[in-house]
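Shown next, in structure tokens, is the structure this report addresses.
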Amino acid sequence: VDPGRVTVYLNGRAAVDNTPRGAEEFDMPIVLGVDPNGTGRYFNGLIDEVCIYKRALSQAEIREQMHLVTLHASAPGLKAYYQFNEPGSGGPALDRSGSIHLGLNADAHRALSTLAVGPGFSARRTVTAPGSYYFGKNVGLEFTTATGGMLPGGEVCATRIDLKPDAMPGADPASRSYWIVRNYGQNA
């Protein structure tokens, strides 16, 4: 939320509402999954993680942090961080950065997640021409686009997760990391 707009990201792609908003003081309890104005509107879906900041994040920050789990202890402006991975189906969702724990109400419960998240590193590159694209030592990934082939035509974000995936693909089972590559270019 910026003073002049609200931007919501779904899988790293933005949707913008240009309605001006006032500053949020964070002086009321945090409510997730239901409209707190008593309209009976409930979220029907799954939530894997929620980070609440006292500042607007950039698109680059959203894309680079999307698959990464950390304690965010030093993240500027972080107000609350929920992973929803406490054992059992009930009990509070613990705030990993402070003490604003959330209760699970109504039909809310925990479920096993297969979301690709974990500790690791991310980097972005703009891919608009054939060639090799290296995402740096921390990510440890390079790919080459072929001449005459379809190019992303924009930003690509690569993330290395330093855990084994929950389901092993046809990859080296000895590897202790796996990668996620997201194309945000104009060519899907």
Side-chain angles (χ1 to χ4, degrees), residues 1-21 24 32-33 43-72 74-79 81-84 113-188:
V1 177
D2 286 316
R5 68 181 180 199
V6 174
T7 307
V8 175
Y9 290 89
L10 175 62
N11 296 327
R13 296 198 181 272
V16 178
D17 175 356
N18 287 311
T19 306
R21 302 282 195 250
E24 173 57 52
L32 300 175
F43 176 74
N44 183 16
L46 302 172
I47 299 174
D48 275 294
E49 284 197 337
V50 172
C51 292
I52 299 173
Y53 289 84
K54 291 181 78 169
R55 65 179 184 86
L57 273 63
S58 68
Q59 180 171 281
E61 289 175 302
I62 296 287
R63 289 177 176 177
E64 288 184 4
Q65 294 176 19
M66 207 159 65
H67 291 282
L68 298 178
V69 175
T70 100
L71 294 180
H72 290 290
S74 62
L78 184 68
K79 183 71 177 169
Y81 175 39
Y82 305 99
Q83 292 179 338
F84 301 107
S113 173
T114 58
L115 183 68
V117 296
F121 298 92
S122 291
R124 294 169 294 109
R125 300 291 177 264
T126 300
V127 180
T128 57
S132 292
Y133 294 87
Y134 180 55
F135 288 84
K137 179 178 78 168
N138 287 336
V139 175
L141 179 74
E142 179 177 13
F143 71 79
T144 302
T145 60
T147 301
M150 178 69 74
L151 297 170
E155 187 172 85
V156 174
C157 186
T159 303
R160 185 188 83 211
I161 297 178
D162 293 332
L163 297 171
K164 288 187 176 193
D166 67 318
M168 291 299 290
D172 178 4
S175 176
R176 291 179 284 167
S177 299
Y178 65 105
W179 291 261
I180 297 162
V181 178
R182 287 189 170 264
N183 172 13
Y184 298 105
Q186 62 188 355
N187 299 317

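Everything quoted here is computed from the prediction, not taken from an experiment.
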From CA spacing to verdict: salt bridge (Lys or Arg N to Asp or Glu O under 4.0 Å), R125, E142:
CA-CA 11 Å; R125 300 291 177 264; E142 179 177 13; over 6 Å; no

Could you report the tightest heavy-atom contact between A123 and V139, atom names first, then the distance?
N-CG2, 3.7 Å

Rounded to the nearest 0.5 Å, what separates atom CD1 in I161 from atom CD1 in I180?
3.5 Å

Start with the C-alpha gap between V117 and D48, add the side-chain angles, then the distance that decides, and say whether side-chain contact (heavy atoms from CB on, under 4.5 Å) holds.
CA-CA 9 Å; V117 296; D48 275 294; over 6 Å; no

Minimum heavy-atom separation for L163 to G118, with atom names?
CD1-CA, 3.9 Å

Can you tell me how far the CZ atom of F84 sits from the CG atom of L46, to the nearest 0.5 Å?
11.5 Å

Can you name the nearest heavy-atom pair linking P119 to L68, along with the distance?
C-CD2, 4.3 Å

Looking only at non-hydrogen atoms, find the nearest pair between Y82 and I52 and report the distance.
CE1-CD1, 4.4 Å

Run V6 and V16 through side-chain contact (heavy atoms from CB on, under 4.5 Å) and show every step you take.
CA-CA 6 Å; V6 174; V16 178; over 6 Å; no

For Y184, is the NZ or CZ atom of R13 found under 6.0 angstrom from the centre of its six-membered ring and inside 45 degrees of the ring axis?
no

Would the distance check show the side chain of R160 and the main-chain N or O of Y178 forming a donor-acceptor pair, the cut-off being under 3.5 Å?
no

On a heavy-atom basis, which atom in Y9 and which in A14 lie closest, and how many Å separate them?
CE2-CB, 3.5 Å

Would you mind reporting whether T128 and L151 have side-chain heavy atoms less than 4.5 Å apart?
no

Distance in Å, W179 CH2 paired with F143 CZ, rounded so as to fall on 0.5 Å steps:
14.5 Å

When rounded to the nearest 0.5 angstrom, what is the spacing between OG1 in T7 and CG in L57?
11.0 Å

Does any N or O in the side chain of H67 come within less than 3.5 Å of the main-chain N or O of T159, such that one atom is a donor and the other an acceptor?
no

Should R182 and E64 count as an ion pair when the cut-off is N to O under 4.0 Å?
no

Distance from E61 atom CD to S122 atom OG, nearest 0.5 Å?
12.5 Å

P152 and N183, any side-chain heavy atoms less than 4.5 Å apart:
yes

Tell me, yes or no, whether the heavy-atom count around N18 atom CG, taken from other residues, nucleotides or ligands under 6.0 Å, exceeds 12.
yes

Looking at F135 versus F121, is the centre-to-centre ring distance below 6.0 Å?
no

Do you know the tightest heavy-atom contact between S132 and T144?
OG-OG1, 2.9 Å

Quick check: does any side chain N or O of D162 sit under 3.5 Å from a backbone N or O of S177, one acting as donor and the other as acceptor?
no

Please say whether more than 12 non-hydrogen atoms of neighbouring residues, nucleotides or ligands are located less than 6.0 Å from CZ in R21.
yes

Do Y81 and V69 have side chains that get closer than 4.5 Å, going by heavy atoms?
yes

What distance do E155 atom CD and R63 atom CZ have between them, rounded to the nearest 0.5 Å?
4.5 Å

Assess the residue pair T145 and Y133 against the criterion (side-chain contact (heavy atoms from CB on, under 4.5 Å)); give the C-alpha distance rounded to whole Å, side-chain angles, the decisive distance to 0.1 Å, and a yes or no.
CA-CA 8 Å; T145 60; Y133 294 87; 4.0 Å; yes

